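What you see is a predicted model, and the numbers here were worked out from it, not measured in a lab.
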Number of protein chains: 2
Amino acid sequence: MSLAYVILGLLQQQERTGYDLKSECFDDCIAHLWPADLAQIYRTLDKIEVQGWITCTVEVQYDRPNRKVYRITPTGEEELNQWLRTHQPLPIWREPLLVQLYFAAQLPNEAIIRLLEQEMEARRKKLDECKAHDINSSNDPKVSREEFLQQLVLELVTRREQTYLDWLDEAIEIVRIQPE
Amino acid sequence: MSLAYVILGLLQQQERTGYDLKSECFDDCIAHLWPADLAQIYRTLDKIEVQGWITCTVEVQYDRPNRKVYRITPTGEEELNQWLRTHQPLPIWREPLLVQLYFAAQLPNEAIIRLLEQEMEARRKKLDECKAHDINSSNDPKVSREEFLQQLVLELVTRREQTYLDWLDEAIEIVRIQPE
DNA sequence: TGTTAATATATGATTAATCAGATATAAGAC
DNA sequence: GTCTTATATCTGATTAATCATATATTAACA
């Protein structure tokens with residue numbers, strides 16, 4: 001379960017509450033990497049606390065709800081480090097558009113093109129959002145190693161979206177000249 | 001739920017049992033498009049039969065278990081046609097490797113490279129499997145329209161895998177020269 | 001003055017997918 | 001002669017993710 005390791009990774013950076021994780025990380029840069037809602041975050045925190053990978057201390061607040069601050073334990077750090085080194089099975093991709101195209105012979109060209117154009121619009125929007133999450137560069141060598149790796153990830157994501165967009169462009173042109 | 005529409009599309013091609021769907025389609029060309037196991041196939045058949053999108057007749061066999069043969073209904077064809085024309089929300093991709101890379105600053109270069117190499121091996125294998133599923137070409141214009149669209153799908157899948165492999169190649173080279 | 005957003009945690013329900021097995025017969029391999 | 005594979009259907013259990021909602025206070029907005 002990768003979400004547990006995403007959370008471990010984030011708690012290794014600094015101690016956080018579930019709410020912090022959501023608003024600082026999962027709503028921000030992690031959104032494109034491993035989206036998760038609060039329900040899932042809270043339940044995963046419970047689970048890995050039981051496993052002893054994190055500990056929790058309650059910060060009492062009087063003007064707002066109390067905060068449950070989580071910290072990674074040595075066991076958690078070891079667990080994370082091991083996972084980071086271990087090859088994970090390839091994720092399975094299921095794409096509705098490809099299914100639609102696969103069975104689209106019964107549609108007129110114009111309907112197929114509309115589908116492709118809508119996909120293009122959605123993907124362009126997503127690529128822009130992704131590129132907007134620019135990584136600020138630092139001179140601290142420890143921080144710059146992190147940034148370098150994050151840049152690598154961003155590079156793949158944008159490159160792959162671009163490949164998709166190029167294909168969509170060509171696909172639309174080819175469908176346009178198909179006999180019906 | 002796209003699986004229901006995959007099954008509708010396959011039943012529109014020809015009538016089939018759940019077992020046929022698995023062995024002829026989901027184990028073959030659909031494997032890379034929308035993998036599904038028998039449990040899921042049978043349960044989805046039940047569900048869309050109740051909805052009236054397919055009907056079932058039992059073929060009694062004496063030397064083997066009876067066959068429940070499913071056929072698409074006019075309601076089912078209309079439902080499929082509508083779905084095929086309707087833009088579906090972009091699927092969400094969660095990739096363990098990207099999470100690993102994102103938090104990999106604590107690993108030595110050599111461990112990161114091992115991770116990338118293992119991913120490369122797995123992706124190469126998958127690309128080869130995909131390419132092996134070659135589409136036989138026909139002269140029947142109705143069949144060739146189907147093949148053309150399936151070719152388009154295959155083209156995207158292979159192109160995207162190639163993009164991934166190229167990135168992996170470059171990533172390995174860059175990590176190799178990173179100061180630790 | 002009333003409504004919404006922000007802060008903070010949590011549970012319940014449902015879906016989609018996966019994993020494991022139960023049932024039963026016949027054909028083919030070793 | 002035994003074991004495995006193919007044929008065929010189906011249920012049970014579990015996981016991961018999503019959606020909706022409950023609770024409670026404060027601050028900002030219109």
> Classify the nucleic acid contact of B:Ser23 as base, sugar-phosphate or nothing, counting any heavy atom under 4.0 Å across all strands shown.
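Nothing, no nucleic acid heavy atom in range.
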> OP1, OP2 of C:dA10 versus side-chain N and O of A:Tyr42: anything below 4.0 Å?
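No, outside the criterion.
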> Could you tell me whether the side chain of B:Lys131 and the main chain of B:Lys126 form a donor-acceptor pair under 3.5 Å?
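It does not hold such a pair.
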> Counting the atoms with a prime plus P, OP1 and OP2 as sugar-phosphate, which does A:Ile92 contact under 4.0 Å by heavy atoms, base, sugar-phosphate, or nothing?
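Counting heavy atoms under 4.0 Å across all strands, the contact made by A:Ile92 is with sugar-phosphate only.
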> Can you tell which of D:dC10, C:dT18, D:dT18 lies closest to the side chain of B:Gln40?
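Selected nucleotide (nearest to the side chain): C:dT18.
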> State which of C:dC19, D:dA8, C:dA8 makes the closest approach to the side chain of B:Pro65.
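Within the option list, the nearest is D:dA8.
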> Counting the atoms with a prime plus P, OP1 and OP2 as sugar-phosphate, which does A:Ala36 contact under 4.0 Å by heavy atoms, base, sugar-phosphate, or nothing?
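Touches nothing.
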> Choose from D:dC19, C:dA16, C:dT18 the nucleotide whose nearest atom is closest to any side-chain atom of A:Arg43.
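From the listed options, D:dC19 comes nearest.
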> So which nucleotide from C:dA8, D:dA8, C:dG12 ends up closest to the side chain of B:Asp20?
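When the side chain of B:Asp20 is considered, D:dA8 is the closest of C:dA8, D:dA8, C:dG12.
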> Where the side chain of B:Met1 is defined as all heavy atoms beyond and including C-beta, which of C:dA17, D:dA8, D:dT9 is the nearest nucleotide?
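Nearest listed nucleotide: C:dA17.
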> Among D:dA17, D:dC19, C:dA17, which nucleotide sits nearest the side chain of B:Arg94?
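The listed nucleotide nearest to B:Arg94's side chain is D:dA17.
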> May I ask you to check whether A:Trp53 and A:Tyr70 place their ring centers less than 6.0 Å from one another?
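No, ring centres 6.0 Å or more apart.
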> Which one, D:dA13, C:dA16, D:dA8, comes nearest to the side chain of B:Tyr19?
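Closest nucleotide to the B:Tyr19 side chain: D:dA8.
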